[in-house]
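Proteins get letters first, then strands, A, B, ... in listed order; numbering begins at 1 in each.
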Amino acid sequence: MNKSSNSLSEAPHARQILQALKKHHGKAETALAWDNPWQLLVAVILSAQCTDERVNLVTPPLFAKWPGPGDLAAADLEDLRAAIASVNFYNNKAKHIHAAATLIAEKHGGEVPQTMEELVELPGVARKSANCVLGTGFGMAVGVVVDTHVGRLARRMGLSEHKDPVKVEKDLMALFPKKQWVWLSHALIDHGRAVCTSRKAKCEECPLESLCPKLIDNS
DNA sequence: CTCCCGATAT
DNA sequence: ATATCAGGAG
């Protein structure tokens, strides 16, 4: 038969994985540049399917020109579009950021909301981005951030067999203690960028090699 | 499911 | 030339 029948209950050495990640990605944090939750929210919206490095190129001028939600809500959409033109999906992202700024200015008193329900109502923000803002911006461990890196690593390491990011998140939340969720997200992303890359995983130099079933798939 | 869509790595 | 990048909306 396929994979050993104890698929889910095996609790794949979660503690050892945490220790190994801690050792090699102990100081992992977001690579996005931000000074307050509002800036983090904008950076996260821009970061969809884009490198953090590129996002960090456009956000400083952006925040210098339009410091807060009210400023951005009053901005000309064409100007905003031009300001983020080097980022992918810039047309949609400009609309989303402008609309989110307007909603926050008008309905949230200019403050970024701090609940999952309110955050996902913002244009351009779904569960993954909301988890970023809640976890990194507000220090609230509501969930695990499952982006392209975390999803890929979770599947390769045998921690989840799902493709749906929400289901992967559920698996990770069940495997790891809540206290580690925010840091774990950053550590996995770090590891995904540096070692367990999408194209060609560098298993030879991977500190988690002995903990990995090496089910290197392509999804 | 498709569309959005620039910059960089391979 | 093609795959990938802190995804989300219609």
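With DNA chain C read from its 5' end, the first of the two nearest nucleotides for A:Leu122 and A:Ser47 is the one closest to A:Ser47.
With hydrogens and angles ignored, a donor-acceptor pair under 3.5 angstrom links the side chain of A:Thr30 to the base of C:dA6.
Rounded to whole angstrom, the span from the CG atom of A:Asp52 across to the C1' atom of C:dG7 amounts to 13 Å. Look at CD1 on A:Ile97: it is 13 Å from C1' on C:dG7, rounded to the nearest Å. Here the P atom of nucleotide C:dA6 and the CG atom of A:Leu184 are 17 Å apart, to the nearest Å. If you measure from atom NE2 of A:His98 to atom P of C:dG8, you get 21 Å, rounded to the nearest angstrom. A:Asn56 has its CG atom 13 Å from the C1' atom of C:dC5, to the nearest Å. Here the C1' atom of nucleotide C:dA6 and the CH2 atom of A:Trp34 are 14 Å apart, to the nearest Å. The separation between A:Gln49 atom CD and C:dA6 atom P is 9 Å, rounded to whole Å. In this structure, the CG atom of A:Leu153 is 14 Å from the P atom of C:dT4, given to the nearest Å.
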Just the atom pairs and distances: protein N or O near nucleotides 8-10 of chain B's N or O, under 3.5 Å.
unit_1	atom_1	unit_2	atom_2	d
B:dT8	OP1	A:Arg54	NH2	3.0

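Side-chain N or O atoms of A:Lys128 include none that pairs as donor or acceptor with a backbone N or O of A:Val144 at under 3.5 Å. The main-chain N or O of A:Ala73 is found under 3.5 Å from a side-chain atom of A:His98 such that the two form a donor-acceptor pair. Between the side chain of A:Thr115 and the backbone N or O of A:Glu118, at least one donor-acceptor pair lies under 3.5 Å. Under the 3.5 Å distance criterion, the side-chain polar atoms of A:Arg127 are left unmatched by any main-chain donor or acceptor of A:Val120.
Using a 4.0 Å heavy-atom cutoff across all strands shown, A:Val145 reaches at least one base atom of the nucleic acid. Residue contacts shown for A:Val150 are absent, as no nucleic acid heavy atom lies under 4.0 Å away. Heavy atoms of A:Leu32 sit under 4.0 angstrom from at least one base atom.
Only the P atoms considered, B:dT8 is 24 Å distant from C:dG8, to the nearest whole Å. For the P atom pair drawn from C:dA6 and B:dC4, the interatomic distance equals 23 Å after rounding to whole Å.
DNA chain C lies under 4.0 Å from at least one heavy atom of each of the following residues of residues 67-96 of chain A: A:Phe89, A:His96.
Judged by the 6.0 Å distance and 45° axis criteria, A:Lys22 is positioned over the aromatic ring of A:Trp183.
Using a 4.5 Å heavy-atom threshold, the side chains of A:Arg193 and A:Asp52 count as touching. Residues A:Val112 and A:Leu119 are in side-chain contact: their nearest non-hydrogen atoms beyond the backbone lie under 4.5 Å apart.
Partners of A:Lys167 according to the side-chain contact (heavy atoms from CB on, under 4.5 Å) rule, which considers only residues two or more places apart in sequence or in another chain, are A:His162, A:Asp164.
Between the side chains of A:His149 and A:Thr197, no donor-acceptor pair of N or O atoms lies under 3.5 Å.
Between A:Thr148 and C:dC5 there is a side-chain polar atom (N or O) within less than 4.0 angstrom of OP1 or OP2.
Few gaps surround CD on A:Glu209; more than 12 heavy atoms of other groups in view lie less than 6.0 Å from it.
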